[in-house]
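Report on the structure given below.
For ligands, and for the atoms within them, numbers begin at 1 and follow the listed sequence.
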Amino acid sequence: MKFFMPSRVIFTPSSLDYPLGREIYNFFQNEPVEIIKATSRNAARYIPGTTPAEKYANSKRTILITTNTNKKLDICRPSADYQFSLVSNCPGNCEYCYLQTTQGTKPYIKVFVNLEDIFDVIKQHIKQDETITTFEAASLGDPLSLEHITGSIAKTIEFFSGLEKGRLRVVTKFNNVDSLLNLKHNKHTRFRISINTNYVLNNFEHNTGSMDERIEALVKLANADYPIGFLVAPLMVYNNWKKEYYELFEIIKNHLGSDLCQKEITFELIQHRFTAVAKDLILQRFPKTQLDMEEENRSLKWGRFGRFKYVYPKEQAEEIKEYLSSLIQERFPKADIKYFT
Ligand code: SF4
């Protein structure tokens, strides 16, 4: 897919104190983008739009270059011990995106340039015993979508390659991986791609890599000796869902080929869920959405962010889990199904 180019880039004053902030500033000098200097507090003012849909669309074409001052990392169960951010948000427009409710009415993209500070915080969170501590880089956004601008995943891979007891985990819907293939990584970074059926990709994911592009990117990473995996999410039940998930795993098997299918591959299975607040926002931003958000078809579950979420009823969730697990185990002998949630 074509590399993302924003319409406007806003630099906070402190971002230009860091080498990466200045590199990104120079990168945009020759690009057809509006460059603005403003504080984080004022950034949203520069994003045009009157309706929720316009504000959303313009925000997704805006990057704020800033610093990450977070000193305490959040837990990221079940995918990793902790999560940290090189970016937040992404240029994709997935209708179901779990970030819909966390980024305000103008969900612009943030890029954090104080990498050394971020790495120091990571080091401080590594457990002091003999066990491995894992860190997820993509729970608040998709850093690979911006790698051609930031180069920060490459630097983070190299940082983790030197950590004895820290491991990096990255998940993506983009195929921006060529700059990562010759890095020294020591197998300390596991890449997963987020995949789904054609129905989900075609109806609910926009401005992300196609299925073929994502799988081809993962094959390149596997051939560069990175540990790999798949995040199958959000799992949805609709007419023909069983047939389409069957086809999905056939496509993956054929793309990977028999050698890669024999590798240890992780799978993470996440069913579709939504909150009442998210439903409201999604309907404003995507008035014609076909997402199934009928509360009566779902069960209520208490979420760790202090809100009830709607998930599939227990028996249906069990059916999804059993069916997907069998599809995986039949095709990937060393599959490690990490969790279903
Ligand atoms: S790619 Fe991920 S972070 Fe970006 S909009 Fe889609 S779900 Fe959200």
Open item on the list: Within the 3.5 Å criterion, strictly below it, is a donor on Asp81 or Thr134 matched to an acceptor on the partner's side chain?
Closed with: yes
TODO: Considering heavy atoms of the protein only, find what lies nearest to atom 8 (Fe) of ligand 1 and give residue, atom and distance to 0.1 Å.
DONE: Cys97 SG, 2.4 Å
- [ ] Identify the protein heavy atom lying closest to atom 6 (Fe) of ligand 1, giving its residue, its atom name and the separation to 0.1 Å.
- [x] Cys94 SG, 2.3 Å
Open item on the list: Side chain, backbone, both or neither: which applies to Gln100 and ligand 1 if a contact is any heavy-atom pair less than 4.0 Å apart?
Closed with: neither
TODO: Report yes if the side chains of Ile252 and His255 come closer than 4.5 Å at any heavy-atom pair, otherwise no.
DONE: no
- [ ] Determine the sole option in Thr208, Thr172, Asn196, Asn175 for which the side chain to side chain donor-acceptor pair (under 3.5 Å) test with Arg214 is passed.
- [x] Thr208
- [ ] Any atoms of ligand 1 less than 4.0 Å from a non-hydrogen atom of Lys60? List them with their elements.
- [x] 5 (S)
Task: Side-chain H-bond candidate by donor/acceptor type, Thr131 with Asp129, under 3.5 Å - done: yes
- [ ] Please write down residue, atom name and distance for the protein heavy atom closest to atom 7 (S) of ligand 1.
- [x] Lys173 NZ, 3.5 Å
Task: Ligand-side contact atoms (ligand 1) for residue partner Gly92, heavy atom cut-off under 4.0 Å - done: 5 (S)
TODO: Would you tell me whether Glu34 and Tyr46 have side-chain atoms, one donor and one acceptor, within less than 3.5 Å of each other?
DONE: no
Task: Heavy-atom nearest neighbour in the protein, as seen from atom 4 (Fe) of ligand 1, with distance rounded to 0.1 Å - done: Cys90 SG, 2.2 Å
Task: Heavy-atom closest contact (Gly229 atom, Leu218 atom, distance) - done: O-CD2, 3.6 Å
TODO: Consider ligand 1: state whether an atom of it lies below 4.0 angstrom from any non-hydrogen atom of His206.
DONE: no
